Amino acid sequence: MAKALKTIRNLAGSAPIDAALILGSGLSEAGDLLTDKITIPFDDLEGFPQGGVSGHGKELLIGQMAGKRLAILTGRQHYYEHGDAAAMRPALETLSELGTKTLLLTNSAGSLDKDVLPGELMLISDHINNAGINPLIGEQAEARFVNMVDAYDPELRAATHAVAARLEIALKEGVYIWYSGPSFETPAEIRMAQTLGANAVGMSTVPEVILGRFMGLRVWACSSITNMGAGMAQENISHTQTKDIAIYGAEKLKRLIPALMEEI
Ligand code: HPA
């Protein structure tokens with residue numbers, strides 16, 4: 001982590017970063033929004049996401065958006081890549097060391113709600129950790145007992161709804177359930193998730209939210225809906241479909257996030 005921190009400060013200067021944004025599957029082009037941008041490949045940053053999943057970028061971008069200094073990770077690591085739920089911890093700790101107080105997370109997700117359709121955005125209000133794994137297992141500090149009430153910052157959520165209404169972007173809100181993947185869910189698992197009160201399903205984000213709250217960051221997360229959950233529609237769920245449909249959500253996020261940055 002210290003090495004990555006040094007590399008970033010050498011290349012991007014040591015002015016504090018206001019917020020960090022992680023881009024989900026098919027959403028990496030949202031990185032275009034930064035001005036005065038510095039690009040650092042993850043390969044040059046110890047502890048940052050290695051390997052990778054198609055549809056994800058492999059770079060850290062640091063630049064300006066709406067008068068704020070923002071760090072963007074154009075991709076993330078998923079638990080299903082190696083079985084390490086804490087894989088994003090070094091990157092998040094580095095961003096926190098750089099001054100980040102707010103963590104913005106995006107993902108692609110399946111909808112469990114007939115009223116939330118592919119191409120739409122769903123702001124996450126809460127989650128269900130159905131994978132049953134926790135990135136803080138093994139952590140010794142007392143802070144490991146993280147309070148997860150209002151983990152998804154209520155003020156930021158209210159600000160997001162106001163911004164979305166102003167921009168005329170339809171924005172739903174709901175509970176995200178984490179399945180480990182990489183296989184998609186069965187129709188029976190989707191029915192179970194609906195019964196449990198979830199509105200969207202995905203394979204990421206939850207570990208980062210837990211880590212972010214552990215570090216005392218203000219957390220915000222938004223899903224770009226790419227498909228209906230397994231068995232809910234006559235469609236063939238695939239990663240290709242996720243990447244293809246994500247562009248619609250990406251277009252909306254590219255309008256929403258800069259406006260939200262003004263409120264941060
Ligand atoms: N399930 C899990 N993860 C996903 C889905 C899904 O249906 N769509 C996009 N990511």
Side-chain angles (χ1 to χ4, degrees), residues 1-25 27-28 30-31 34 37-63 69-107 127 129 131-146 148 151 178 180-182 202-221:
M1 191 188 105
K3 237 171 153 181
L5 200 59
K6 209 164 151 199
T7 306
I8 295 167
R9 286 197 170 128
N10 279 342
L11 294 170
S14 48
I17 283 164
D18 299 304
L21 168 65
I22 300 184
L23 299 175
S25 290
L27 302 172
S28 54
L34 288 178
K37 183 169 70 181
I38 300 225
T39 302
I40 311 174
F42 287 158
D43 280 346
D44 296 348
L45 296 170
E46 196 181 47
F48 275 62
Q50 302 299 320
V53 177
S54 73
H56 285 260
K58 296 176 180 175
E59 287 162 343
L60 171 70
L61 315 174
I62 296 182
R69 196 160 148 82
L70 183 68
I72 298 184
L73 272 72
T74 59
R76 57 156 57 86
Q77 284 204 291
H78 305 78
Y79 173 72
Y80 65 70
E81 292 177 62
H82 32 55
D84 178 9
M88 290 296 287
R89 184 166 173 168
L92 292 175
E93 280 175 341
T94 305
L95 294 166
S96 177
E97 283 285 326
L98 288 166
T100 302
K101 298 278 182 287
T102 304
L103 179 61
L104 308 168
L105 304 168
T106 61
N107 61 47
H127 73 229
N129 181 355
I133 314 133
N134 196 296
L136 296 176
I137 287 175
E139 171 59 44
Q140 298 299 312
E142 195 72 358
R144 65 185 161 184
F145 300 110
V146 182
M148 294 298 289
W178 178 34
S180 75
M203 305 178 191
S204 68
T205 305
V206 166
E208 293 152 30
V209 173
I210 295 169
L211 288 166
R213 293 304 298 144
F214 171 68
M215 293 169 200
L217 305 179
R218 205 152 68 121
V219 173
W220 174 96

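Quick caveat, the model's predicted, so the values are computed rather than measured. Residue numbers run from 1 in the order of the sequence given. Heavy atoms only: backbone and side chains are in, while hydrogens, waters and symmetry mates are out.
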Hey, are the side chains of K58 and P41 touching, using non-hydrogen atoms and a 4.5 Å cut-off?
no
Smallest separation among heavy atoms of S204 and W178, with atom names
N-CD1, 3.7 Å
Sort and list the pairs that fulfil side-chain hydrogen bond (donor to acceptor under 3.5 Å, both in side chains) and have at least one residue in residues 82-91, not counting sequence neighbours.
Q77-H82, R89-E93, R89-E139
Of all heavy-atom pairs between M88 and P49, which one has the smallest distance, and what is that distance?
SD-CG, 3.9 Å
Report the residues that fulfil side-chain contact (heavy atoms from CB on, under 4.5 Å) with P90, sequence neighbours left out, ordered by chain and then residue number.
none
Step-by-step side-chain contact (heavy atoms from CB on, under 4.5 Å) determination, L211 to L136
CA-CA 7 Å; L211 288 166; L136 296 176; 3.9 Å; yes
Please list, chain by chain and in numerical order, all residues satisfying side-chain contact (heavy atoms from CB on, under 4.5 Å) with K37, sequence neighbours excluded.
L34, T39, L61
I would like to know whether I40 and F48 meet side-chain contact (heavy atoms from CB on, under 4.5 Å); could you show each step before the answer?
CA-CA 11 Å; I40 311 174; F48 275 62; over 6 Å; no
Of all heavy-atom pairs linking P135 and A85, the shortest is CB-O, 3.4 Å
Flag side-chain contact, heavy atom, 4.5 Å: T102 against D18:
no
Decide yes or no for L92 and I22: does some side-chain heavy atom of the first lie under 4.5 Å from some side-chain heavy atom of the second?
yes
Under the side-chain contact (heavy atoms from CB on, under 4.5 Å) criterion, do I210 and N129 qualify, and how do the steps go?
CA-CA 10 Å; I210 295 169; N129 181 355; 4.1 Å; yes
W220: partners by side-chain hydrogen bond (donor to acceptor under 3.5 Å, both in side chains), with sequence neighbours left out:
T160
Do T205 and R76 come within less than 4.5 Å of each other through their side chains, counting heavy atoms only?
yes
When the side chains of residues 1-10 are checked against the rest of the protein, which donor-acceptor pairs come out under 3.5 Å, sequence neighbours left out?
| from | atom 1 | to | atom 2 | distance (Å) |
| --- | --- | --- | --- | --- |
| T7 | OG1 | K3 | O | 2.9 |
| R9 | NH2 | E97 | O | 3.4 |
| N10 | ND2 | K6 | O | 3.4 |

Residues at least two apart in sequence or cross-chain that pass side-chain hydrogen bond (donor to acceptor under 3.5 Å, both in side chains) with Q50, listed by chain then number, are none
Does L73 reach the side chain of L95, with side-chain heavy atoms less than 4.5 Å apart?
yes
State which residues pass side-chain contact (heavy atoms from CB on, under 4.5 Å) with A151; sequence neighbours excluded, sorted by chain then number.
M148, V209, R213
